[in-house]
Amino acid sequence: MTVEGYHPEKYADLLVVGGTVLTPNGSEQADLACRDGRIVALGCLQGQWDAVSTIDARGLHILPGVIDSQVHFREPGLTHKEDLETGTRGAVLGGVTGVFEMPNTNPLTLWHEDLQAKLDAAQGRAWCDYAFYIGGSGVNAKQLQILETLPGCAGVKVFMGSSFGDLLADDDTVLRNILRHGRRRMAVHAEDEARLRQRKSIVEASGDVCQHPDWRDMESALLATKRIVAMAEEAGRRLHVLHVSTAEEMRYLAGHKRRVTVEVTPHHLTMAAPECYQRLGSLAQMNPPVREQRHQDALWQAIREGTVDVIGSDHAPHTLEEKAKPYPQSPSGMTGVQTLLPVMLDHVHNGRLTLQRLVDLTSAGPARIFGLEGKGRIALGYDADLTIVDLSAQRTITNDWIASRSGWTPYDGKKITGWPIHTVIRGHVVVREEQLEGAPRGKTIQFLETFGAISASD
Ligand code: DOR
């Protein structure tokens, strides 16, 4: 086998040997050398290179680091649910090496100082690399073109329908204003606020969580998605529709792929109504809702057809006490960052998608659509972010394993085949043999479209 990368000194900080590497060209048996945070050689290196640290990856698959482009880590203001340390700890234990965090904290992330406060709080406490979304709203619309270029900003996120927190932009004039002020791909939670308000009486009367998908129905999602896609087209702006949950939206979005990228979540791909509500009650309550099987089938079909670009977890923790409030006072949201990869590996095991397609959705996809510098693939010169998995390991997901401060997962008791074993961030092993190692080393993720961004390398 040829060796990629010329280094006469043959010295690495980390060697990963004997594994199967998922490269942009497919999977191959290869060793991998990492130095100064980057991948410096690929090929048959064992016995020829010295290294400070080695991972024996025989029998394991080495994926480019998994990027979860939608998490809510609740800091500042709601740290009884989660904080940046616990959230990112869950991430790396689940094989995730980078996250984009959402702006519906308290205070909301609307201004430079809010973003800076998150960047400061993450320093020395984040286990994985990170970037933060700025919320788009009527109050900051005209400043967004500056705000979205700040180092550490993942872009602009808009809530068209209220979900959790006070961030809302449902008015067409405000939305057009937001779309006009910026160039980066804008992320949107598409549920139609007016229709949600009209229909809320359905669940206020019944108090039945099984009706969550009736209140926030398919039409609420489709209406909002069509509105924002039309406005984005008018403004010439690229759009990212988060957590698409319906067959009808997927059919519509398939015809708009030039401008629009699409996310699906593991919970929409794994659970179905009414069974999940009967079994889990408000623990399955999430916005947009988990819907009937025909929608789940359509999401899988969209993955097969290439309509879906990324899988994001929408990790949205609330405490069990908060979830126990009578529906619909119970807050919507469930944990997901730590279970994203195990749940998806189980789908790989069951033949729902290939490992290569999964890598496309969790590493290459986010890098491609958000313009990440140096991440998303295993190739020379790229950041040495590695998610090393055992495709045949059998585990059971339990609440005990969950690092989130909220302490629970909707998958408690679920048997999984395929599990993250080691997590490497820029050449640093942060999870070895499923156990945390060392100290938090997360850094700001760098984007191609921001100016003067801080480098993620040490
Ligand atoms: O169910 C949800 N909860 N959906 C979202 O998009 C937001 C989230 C939250 O922040 O709790």
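In listed order, ligands and their atoms are each counted from 1.
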Open item on the list: If we check side chain to side chain donor-acceptor pair (under 3.5 Å) with Asp297, which of these qualifies: His295, Gln301, Gln293?
Closed with: Gln293
Open item on the list: Counting only heavy atoms, tell me which of Gln70, Lys81, Met286, Arg74 gets closest to atom 11 (O) of ligand 1.
Closed with: Arg74
TODO: Only pairs at least two apart or in different chains count here, so list each ring pair (Phe, Tyr, Trp, His ring centres under 6.0 Å) that has a residue in residues 339-368.
DONE: Trp300-His347
- [ ] Measure up the His189 and His243 rings against each other and bin them: parallel (under 30°), tilted (30 to 60°), perpendicular (over 60°).
- [x] perpendicular
Open item on the list: Under 4.0 Å from a heavy atom of Asn104: which atoms of ligand 1 are those, numbered in the order shown and with their elements?
Closed with: 9 (C), 10 (O)
TODO: Walk me through it: do Arg237 and Glu148 pass the test salt bridge (charged side-chain N to carboxylate O under 4.0 Å, His left out)?
DONE: CA-CA 14 Å; Arg237 185 84 185 259; Glu148 71 167 10; 3.1 Å; yes
Open item on the list: In the structure I gave you, are the side-chain heavy atoms of Leu119 and Tyr130 within less than 4.5 Å of one another anywhere?
Closed with: yes
Task: atom 8 (C) of ligand 1 - nearest protein heavy atom and its distance - done: Ala316 CB, 3.6 Å
Task: Worked check of ring pair (Phe, Tyr, Trp, His ring centres under 6.0 Å) between Trp401 and Trp408 - done: CA-CA 9 Å; Trp401 178 63; Trp408 65 276; over 10 Å; no
Task: Residue part near ligand 1, for His318, under 4.0 Å between non-hydrogen atoms - done: side chain
- [ ] Report the nearest protein non-hydrogen atom to atom 2 (C) of ligand 1: residue, atom name, distance rounded to 0.1 Å.
- [x] Ser163 OG, 3.4 Å
Task: salt bridge (Lys or Arg N to Asp or Glu O under 4.0 Å) contacts in which one or both residues fall within residues 254-265, not counting sequence neighbours - done: Lys257-Asp309
TODO: Mark up the atoms of ligand 1 that fall under 4.0 Å of a heavy atom belonging to Gly333, in ascending order.
DONE: 1 (O), 3 (N)
Task: For atom 4 (N) of ligand 1, closest protein heavy-atom neighbour - done: Asn287 O, 2.8 Å
Task: Within-shell test, His243 vs ligand 1, heavy atom, strictly < 4.0 Å - done: yes
- [ ] Among all protein heavy atoms, pick the one closest to atom 3 (N) of ligand 1 and tell me residue, atom and distance.
- [x] Ser332 O, 2.9 Å
Open item on the list: Is the contact between His189 and ligand 1 made by the side chain, the backbone, both, or neither, using heavy atoms and a 4.0 Å cut-off?
Closed with: side chain
Open item on the list: At under 4.0 Å between heavy atoms, is it the side chain or the backbone of Leu242 that contacts ligand 1, or both, or neither?
Closed with: neither
Open item on the list: Do Arg184 and Phe447 form a cation-pi contact, if we require the NZ or CZ to be under 6.0 Å from the six-membered ring centre and within 45 degrees of the ring's axis?
Closed with: yes
